[in-house]
Chemist: 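If you scroll down you'll find the structure; I have some questions about it.
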Amino acid sequence: MTMHDTLTRQLLAALDALGGAPDGFRPEFEIPANPEHGDLSTNAAMQLARHFRRSPRHIADSIAEHMKTDPDLVAGVEVAGAGFINFRFADRWLHTRLGHLLSEGSTYGRTRHGAGKRALVEFVSANPTGPLTVGHGRNAVLGDTVATLLEWTGYDVTREYYFNDAGRQMRVLGESVRARYEACARPDMPTKTIDGVTVPGSFPDDGYLGHYIADIAEKLFEEHGARLLDEKSSDIFKQAAEKAIFAGIEATLNRLGIRMDSYFNERTLYDSGAIWDIVDALRQKNLAYDKDGAVWFRTTEFGKEQDTVLVKSSGEPTYRLPDIGYHVNKIERGFDRIVDIFGADHIATFPDVLSGVEALGHDTSKISVLIYQFVTLVRSGEPVKMSTRKATYVTLDELMDEVGEDVTRFFFLMRSANTHLEFDLDLAREASEKNPVFYLQYAHARIASILRKADETGLRSDGQAELSLLTHPAETSLIKQLLGFPEAVHMAAELTEPQKLATWLRDTATSFSKFYGECRIIGQEEALATARLQLASATRIVLHNGLTVLGISAPDSM
RNA sequence: GCGCCCGUAGCUCAACCGGAUAGAGCAGCGGUCUUCUAAACCGCAGGUUGCAGGUUCGAGUCCUGCCGGGCGCGCCA
């Protein structure tokens with residue numbers, strides 16, 4: 001039983017003296033910002049003031065007086081402020097929990113909130129028209145970390161990548177490759193200029209200008225010579241491009257430590273007829289109708305200003321229709337929790353998708369959407385406008401080359417997804433030494449170093465230690481911090497806000513640094529040294545596990 | 001014009017779905033290495049939480065209206 005549960009039960013029992021708690025009442029606990037306010041605090045008395053028609057202070061006093069707390073768990077119950085009830089943990093409880101932490105080791109922080117449930121996290125989902133950019137990086141890192149967070153809270157998680165290799169974008173891609181290929185075969189062919197880039201005369205005006213297109217074309221020319229010039233369709237070029245680009249995307253994701261469990265091709269939904277079933281079902285509910293040769297979705301029924309086209313007059317669906325089908329598919333696959341990671345540009349479209357899913361009789365409460373604001377790159381003080389087609393982007397690979405994989409991941413995780421991220425490339429490159437990620441890694445490396453040194457001096461770093469010797473303020477506050485790890489992971493997962501864990505880990509490193517500064521280990525009397533070594537070891541476990549959740553390495557030396 | 005997001009220290013950002021004295025890092029100033037990693041630690045300074053109202057025991061957090069920035073508002077994705 002957790003401390004929360006125990007205190008909840010005891011508090012509810014104490015309310016009997018006032019006539020009993022109202023039905024369904026659950027006290028809320030929080031960790032006070034100010035340590036003087038104890039280790040855990042509840043505002044229950046304030047919330048109950050109306051119900052009991054007594055002052056919060058009076059109720060709090062009564063609760064404090066009647067609560068039967070276990071002295072091994074709680075050392076003090078105090079009423080403060082407007083009616084807060086503050087609990088102070090007993091050292092003995094802290095030491096017991098620290099012992100548990102040490103024996104759990106690399107699994108410490110995992111909980112079972114989602115045990116037996118399956119979650120699907122869909123992220124990246126970039127169509128294979130070019131290398132991943134910095135913008136995709138934020139999506140990728142957020143999605144992967146949310147997935148890991150859910151795994152740590154007990155979910156069985158599937159990481160999925162949704163893509164579309166049909167459609168106009170990909171046709172243009174194929175034609176772009178074909179034009180470059182033609183130039184390889186006929187070096188004397190005329191050229192033209194698009195957006196300042198010299199391209200073959202047959203190059204589509206809205207073609208993809210990136211250098212990778214020419215690379216793909218050259219490789220085709222090396223393999224096939226000029227034979228492909230006679231190809232009627234550009235399919236072979238499209239397919240070669242898709243294959244090469246996807247391989248590149250996978251390689252980039254691998255560098256970031258990201259492995260997808262499944263790739264879902266939008267075409268599946270066409271082949272199975274699923275999208276047409278949806279149109280029929282919506283028609284039957286009078287939520288879809290024909291106008292101007294197109295099929296419209298009555299989104300005005302769901303509070304939108306205008307209806308939305310589902311099927312163009314050409315007979316081709318817009319992306320919204322397969323999107324609805326895809327989400328229905330996710331639900332039908334039996335996931336208990338479905339998370340989408342979207343850029344801010346999708347903010348207005350996903351409500352349509354949810355409306356569609358709901359109209360078809362599915363429970364959309366399982367679906368949650370994490371929206372992240374855009375990344376603005378700044379280079380030499382100037383914002384860089386990015387376009388995949390124009391090739392005026394900075395790729396994720398280039399970013400990692402400049403600042404490293406760990407810094408890249410941490411940079412995307414250290415801030416709330418909801419805030420606009422300004423990424424100054426020059427600064428990231430020069431100032432990488434000051435990056436907060438090094439602060440965390442340094443603390444971990446420092447502990448590893450201490451453990452090595454302790455080993456050399458023959459100090460036991462395993463086995464029995466008198467943890468009750470850990471009573472220095474720097475020690476107890478570090479222990480309290482470490483014991484909050486499972487809850488920090490759970491909260492970050494529940495809110496799908498990895499940034500919460502990043503912030504929490506920083507606090508942990510700070511707490512350790514204080515301990516390190518005030519409490520020597522090696523050279524102390526043996527029992528105390530051993531106990532402190534165990535505390536350092538526990539900190540290492542937490543930092544290691546926390547960095548692992550964020551997908552960042554925990555080096556033993558720096 | 002409409003919808004959504006953001007506005008907190010000089011800069012970049014926190015603040016646990018309304019709680020107690022709004023916190024870190026960087027930049028600035030001043031201290032700390034003959035002892036476990038100084039990529040660190042300690043101290044000082046820095047604020048009318050964009051503005052104006054409202055809701056209540058209590059508002060950075062919720063509501064309304066302005067101001068400023070971003071993203072959308074297609075038979076593109």
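Note that these values count all heavy atoms, side chains included, but never hydrogens, waters or copies made by symmetry. Every chain is numbered from 1, with letters handed out A, B, ... down the list of sequences.
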Chemist: Which whole number of Å gives the distance between the P atom of B:rA14 and that of B:rC6?
Modeler: 10 Å
Chemist: Please tell me which of the listed nucleotides, B:rA14, B:rA38, B:rC71, lies nearest to the side chain of A:Phe374?
Modeler: B:rC71
Chemist: For a quick check, tell me whether the side chain of A:Tyr319 and the base of B:rA77 share a donor-acceptor pair closer than 3.5 Å.
Modeler: yes
Chemist: Looking at A:Thr349 and B:rA77, is any side-chain donor or acceptor paired with a base atom of the opposite kind under 3.5 Å?
Modeler: no
Chemist: Does the distance from a Lys or Arg side-chain N to an Asp or Glu carboxylate O, for A:Lys330 and A:Asp340, drop under 4.0 Å?
Modeler: yes
Chemist: Identify which nucleotide among B:rC75, B:rC16, B:rC36 has an atom closest to any side-chain atom of A:Ile450, counting heavy atoms from C-beta outward.
Modeler: B:rC36
Chemist: Taking A:Leu533 as the fixed residue, which of A:Ile522, A:Asp455, A:Ile447, A:Leu451 is the one that meets the side chain to side chain contact (heavy atoms under 4.5 Å, CB included) rule?
Modeler: A:Leu451
Chemist: Looking for any heavy atom pair under 4.0 Å, which part of the strands does A:Ser513 touch: base, sugar-phosphate only, or nothing?
Modeler: sugar-phosphate
Chemist: For residues 55-62 of chain A, which side-chain donor-acceptor pairs fall under 3.5 Å, sequence neighbours excluded?
Modeler:
| unit_1 | atom_1 | unit_2 | atom_2 | d |
| --- | --- | --- | --- | --- |
| A:Ser55 | OG | A:His58 | N | 3.1 |
| A:Arg57 | NH1 | A:Gly81 | O | 2.8 |
| A:His58 | NE2 | A:Arg54 | NH2 | 3.3 |

Chemist: Answer with base, sugar-phosphate or nothing: what part of the nucleic acid does A:Ser55 contact at a heavy-atom distance below 4.0 Å?
Modeler: nothing
Chemist: Hydrogens and angles aside, do A:Tyr326 and A:Glu160 bring a side-chain donor and acceptor to less than 3.5 Å of each other?
Modeler: yes
Chemist: Identify whether any heavy atom of A:His420 sits under 4.0 Å from a base atom; if not, whether one sits that close to sugar-phosphate; answer base, sugar-phosphate or nothing.
Modeler: sugar-phosphate
Chemist: How far, in whole Å, is B:rC41 from B:rC36 if one measures between their C1' atoms?
Modeler: 15 Å
Chemist: Could you write out RNA chain B as a dot-bracket string, with dots for unpaired bases, | for bases paired across to another strand, and Watson-Crick or G-U pairs counted at under 3.5 Å?
Modeler: (((((((..((((.....[...)))).(((((.......))))).....(((((..]....))))))))))))....
Chemist: Does B:rU35 have OP1 or OP2 sitting under 4.0 Å from an N or O in the side chain of A:Lys453?
Modeler: no
Chemist: Hey, are A:Thr133 and A:His136 close enough side-chain-wise for a donor-acceptor pair under 3.5 Å?
Modeler: yes
Chemist: Tell me: CG of A:Leu370 to C1' of B:rC4, nearest whole Å?
Modeler: 15 Å
Chemist: Between A:Tyr372 and A:Ser416, is there a side-chain donor-acceptor contact under 3.5 Å, judged purely by atom types and distance?
Modeler: no
Chemist: Identify whether any heavy atom of A:Ile31 sits under 4.0 Å from a base atom; if not, whether one sits that close to sugar-phosphate; answer base, sugar-phosphate or nothing.
Modeler: base
Chemist: B:rC16 and B:rA24: how far apart are their C1' atoms, nearest whole angstrom?
Modeler: 16 Å
Chemist: Any idea which of B:rU37, B:rA77, B:rA20 is nearest the A:Thr318 side chain?
Modeler: B:rA77
Chemist: When the P atoms of B:rC26 and B:rU61 are compared, how many Å lie between them, rounded to an integer?
Modeler: 29 Å
Chemist: Under 3.5 Å, is there a donor on one side chain and an acceptor on the other for A:Asp507 and A:Gln481?
Modeler: no
Chemist: Could you tell me whether A:Arg520 contacts a base, only the sugar-phosphate backbone, or nothing, with contacts defined as non-hydrogen atoms closer than 4.0 Å?
Modeler: base
Chemist: When the distance from CE of A:Met558 to P of B:rA38 is rounded to whole Å, what number comes out?
Modeler: 13 Å
Chemist: Among B:rA77, B:rA39, B:rC75, which is the nearest nucleotide to the side chain of A:Val309?
Modeler: B:rC75
Chemist: Please give, in whole Å, the distance from B:rA15 P to A:Asn34 CG?
Modeler: 19 Å
Chemist: For B:rC33, does the glycosidic angle fall within 90° of 0 (syn) or outside that (anti)?
Modeler: syn
Chemist: What nucleotide, of B:rA39, B:rC13, B:rA77, holds the atom closest to the side chain of A:His346?
Modeler: B:rA77
Chemist: Side chain of A:Gln499 only, please: which of B:rC76, B:rA77, B:rA14 is the nearest?
Modeler: B:rA14
Chemist: Looking at every strand, decide which applies to A:Arg168 at a 4.0 Å heavy-atom threshold: base, sugar-phosphate, or nothing.
Modeler: nothing
Chemist: With heavy-atom distances below 4.5 Å as the criterion, would you say the side chains of A:Pro35 and A:Ser477 are in contact?
Modeler: no
Chemist: So does A:Glu494 pair up with A:Arg337, basic N to acidic O under 4.0 Å?
Modeler: yes
Chemist: Please work out if A:Gln169 contacts a base, only the sugar-phosphate, or nothing of the nucleic acid, heavy-atom cut-off 4.0 Å.
Modeler: nothing
Chemist: Of the candidate nucleotides B:rU21, B:rC41, B:rA38, which contains the atom at the shortest distance from the side chain of A:Glu36?
Modeler: B:rU21
Chemist: Classify A:Tyr439 by what it touches in the nucleic acid, base, sugar-phosphate, or nothing, heavy-atom distance under 4.0 Å.
Modeler: sugar-phosphate
Chemist: When you compare B:rA22 with B:rU49, how far apart are their P atoms, in angstrom units rounded to a whole number?
Modeler: 10 Å
Chemist: By nearest atom, which of the nucleotides B:rA77, B:rC13, B:rA20 is closest to the A:Thr419 side chain?
Modeler: B:rC13
Chemist: A:Asn418 CG to B:rC71 C1': how many Å, rounded?
Modeler: 12 Å
Chemist: In terms of side-chain geometry, is the basic nitrogen of A:Lys500 or A:Glu497 positioned less than 4.0 Å from the acidic oxygen of its partner?
Modeler: yes
Chemist: If you look at every strand shown and take non-hydrogen atoms under 4.0 Å, does A:Ala445 touch a base, only sugar-phosphate, or nothing?
Modeler: base
Chemist: For a quick check of understanding: with a heavy-atom distance under 4.0 Å over all strands, which category does A:Ser41 fall into, base, sugar-phosphate or nothing?
Modeler: base
Chemist: Check each residue of residues 78-88 of chain A for a non-hydrogen atom within less than 4.0 Å of any atom in RNA chain B, then write out the ones that pass by number, or none.
Modeler: A:Ala80, A:Phe84, A:Asn86
Chemist: Using a heavy-atom cut-off of under 4.0 Å over every strand shown, decide if A:Ala294 touches base, sugar-phosphate, or nothing.
Modeler: base
Chemist: With respect to the side chain of A:Asp345, which nucleotide from B:rC75, B:rA77, B:rU37 is positioned closest?
Modeler: B:rA77
Chemist: Please answer whether the main-chain N or O of A:Thr299 pairs with a side-chain N or O of A:Asp307 as donor and acceptor at a distance below 3.5 Å.
Modeler: yes
Chemist: Using atom CG of A:Leu440 as one end and atom C1' of B:rA40 as the other, report the distance to the nearest whole Å.
Modeler: 13 Å
Chemist: In whole Å, I'd like the distance from the CD atom of A:Glu122 to the P atom of B:rA77.
Modeler: 16 Å
Chemist: Under 4.0 Å between any heavy atoms, over every strand shown, what does A:Gln306 touch: base, sugar-phosphate, or nothing? Just pick one.
Modeler: sugar-phosphate
Chemist: Of the candidate nucleotides B:rA39, B:rA77, B:rC75, which contains the atom at the shortest distance from the side chain of A:Asn164?
Modeler: B:rA77
Chemist: Using a heavy-atom cut-off of under 4.0 Å over every strand shown, decide if A:Asp292 touches base, sugar-phosphate, or nothing.
Modeler: base
Chemist: Any Lys/Arg nitrogen of A:Arg452 or A:Asp556 sitting under 4.0 Å from an Asp/Glu carboxylate oxygen of the other?
Modeler: no
Chemist: Any salt bridge linking A:Asp39 with A:Arg88? Criterion: basic side-chain nitrogen under 4.0 Å from a carboxylate oxygen.
Modeler: no
Chemist: Please work out if A:Lys304 contacts a base, only the sugar-phosphate, or nothing of the nucleic acid, heavy-atom cut-off 4.0 Å.
Modeler: nothing
Chemist: Looking only at side-chain N and O atoms, does A:Asn86 offer a donor or acceptor that is under 3.5 Å from a partner on A:Glu78?
Modeler: no
Chemist: Could you give the distance separating B:rA27 and B:rC66 at their C1' atoms, to the nearest angstrom?
Modeler: 34 Å
Chemist: Could you tell me how far B:rC13 sits from B:rU8 if I compare only their C1' atoms? Round to whole Å.
Modeler: 9 Å
Chemist: Between B:rC75 atom C1' and A:Leu321 atom CG, what is the distance in whole Å?
Modeler: 13 Å
Chemist: Starting from C1' on B:rA15, measure out to CG on A:Leu495 and report it in whole angstrom.
Modeler: 13 Å
